[in-house]
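So the structure is just underneath, and the comments pick up after that.
Nothing fancy with the numbering, it's 1 onward along the sequence.
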Amino acid sequence: MSTPSTATPSRVRRAVLPPLAALALTVLGTALAGPAHAHGDTLNVVITGERAGHVTADVTWENDGDAVEEAVAATVNAVSADGARTQGPWKLVRDPGRAAGWTTAETLPAGTWTVTVEAGFPSLGRASKEIGVPVTDPAPAPSGAPSSAPPASPPSSAPPVPSASPASSASPAPEDPAPAGSGTGWWTAAGVAAIALLGAAGGILLRRARRR
């Protein structure tokens with residue numbers, strides 16, 4: 001007659017622990033996978049535009065539209081309208097103040113760009129959109145700032161222009177012409193004197209003739 005064998009505690013633990021461990025792992029995996037399955041396995045990336053040249057985008061879970069709480073690993077590339085210029089790759093960073101908002105630390109130059117965002121973590125997602133970055137006018141200088149005066153022109157090397165000659169070097173004024181009639185008066189006086197001499201000579205000759 002055989003006696004029943006008695007199970008030892010160590011044998012009981014070895015028999016019970018594996019099923020319990022498997023059950024715990026199953027419950028933990030279900031708890032971790034629950035939110036992921038609820039969110040879906042794809043990211044919904046929407047490029048919303050630009051702000052002062054910074055690309056802006058919204059990243060949510062595709063199934064429920066919830067914002068992604070984890071860090072998103074995504075790259076941003078841009079190509080100009082003519083294909084001659086490229087920007088990136090840049091990474092997306094959190095946009096403060098918006099739960100689902102992401103942006104870039106870098107800025108796009110003015111122009112039309114085709115922007116592509118590709119996400120790889122925590123899930124896959126992709127978006128592409130053409131956006132335009134306007135030309136911004138430079139900020140006006142503050143009113144208190146001194147205005148920049150144009151540089152003074154260098155002194156001219158041309159010789160100085162001679163000044164007008166002084167009054168002393170001016171040509172002498174022409175002498176006043178002799179008063180009209182001065183020559184006629186001289187001849188008149190000479191004629192009177194000649195007549196007087198002739199009259200005196202004639203008188204002397206007459207007296208001598210009478211004495212004879």
Side-chain angles (χ1 to χ4, degrees), residues 12-151:
V12 172
R13 284 195 297 270
R14 284 198 297 269
V16 173
L17 285 179
L20 290 177
L23 179 61
L25 291 176
T26 302
V27 172
L28 180 61
T30 303
L32 294 177
H37 285 296
H39 288 314
D41 56 0
T42 306
L43 295 179
N44 183 32
V45 181
V46 178
I47 300 173
T48 56
E50 60 83 30
R51 184 174 62 248
H54 299 271
V55 178
T56 56
D58 288 342
V59 181
T60 57
W61 291 103
E62 184 179 31
N63 281 8
D64 54 14
D66 288 347
V68 179
E69 297 178 356
E70 300 92 330
V72 173
T75 57
V76 180
N77 291 277
V79 181
S80 62
D82 58 3
R85 294 179 295 166
T86 59
Q87 299 290 328
W90 301 332
K91 67 177 183 178
L92 283 180
V93 296
R94 287 279 184 184
D95 191 0
R98 297 197 306 131
W102 296 80
T103 186
T104 58
E106 299 82 3
T107 58
L108 287 172
T112 302
W113 300 86
T114 299
V115 179
T116 303
V117 178
E118 293 181 305
F121 182 85
S123 192
L124 300 179
R126 188 180 188 277
S128 183
K129 183 178 180 179
E130 184 179 277
I131 62 175
V133 180
V135 178
T136 56
D137 296 330
S143 57
S147 59
S148 57

Which atom of [X] lies closest to which atom of [Y], heavy atoms considered:
| X | Y | value |
| --- | --- | --- |
| Arg85 | Ala110 | NH2-O, 4.0 Å |
| Gly88 | Asn77 | C-OD1, 3.8 Å |
| Pro122 | Val68 | CG-CG1, 3.8 Å |
| Ser123 | Trp61 | CB-CZ3, 3.9 Å |
| Ala67 | Ala99 | CB-O, 3.7 Å |
| Gly53 | Val133 | CA-CG1, 4.2 Å |

Within the 4.5 Å heavy-atom criterion, are [X] and [Y] side-chain neighbours or not?
| X | Y | result |
| --- | --- | --- |
| Val115 | Val76 | yes |
| Val117 | Ser128 | no |
| Gln87 | Ser80 | no |
| Glu70 | Val72 | no |

About how many Å separate [atom2] of [Y] and [atom1] of [X], when rounded to the nearest 0.5 Å?
| X | Y | atom1 | atom2 | result |
| --- | --- | --- | --- | --- |
| Leu124 | Thr42 | CG | OG1 | 7.0 Å |
| Thr75 | Arg126 | OG1 | CZ | 9.5 Å |
| Glu62 | Asn44 | CD | CG | 6.5 Å |

### Message
The test is side-chain contact (heavy atoms from CB on, under 4.5 Å); show your working for Glu50 and Trp113 and say whether it passes.
### Response
CA-CA 11 Å; Glu50 60 83 30; Trp113 300 86; over 6 Å; no

### Task
Start with the C-alpha distance between Trp90 and Leu108, add both sets of side-chain angles, then the distance that settles side-chain contact (heavy atoms from CB on, under 4.5 Å), and finish with yes or no.
CA-CA 11 Å; Trp90 301 332; Leu108 287 172; 3.7 Å; yes

### Residues that Lys129 engages under side-chain contact (heavy atoms from CB on, under 4.5 Å), provided they are two or more places apart
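Listed in chain order: Ile47, Ile131.
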
### Query
How about Thr103 and Thr56: does a side-chain donor come under 3.5 Å of a side-chain acceptor?
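Short answer, no.
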
### Task
Count the heavy atoms belonging to other residues, nucleotides or ligands that lie under 6.0 Å from CD of Glu69, then report whether that count exceeds 12.
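At most 12 heavy atoms, drawn from other residues, nucleotides or ligands, come within 6.0 Å of this atom.
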
### Task
Applying side-chain contact (heavy atoms from CB on, under 4.5 Å), run through Asp66 and Thr60 and close with a yes or a no.
CA-CA 5 Å; Asp66 288 347; Thr60 57; over 6 Å; no

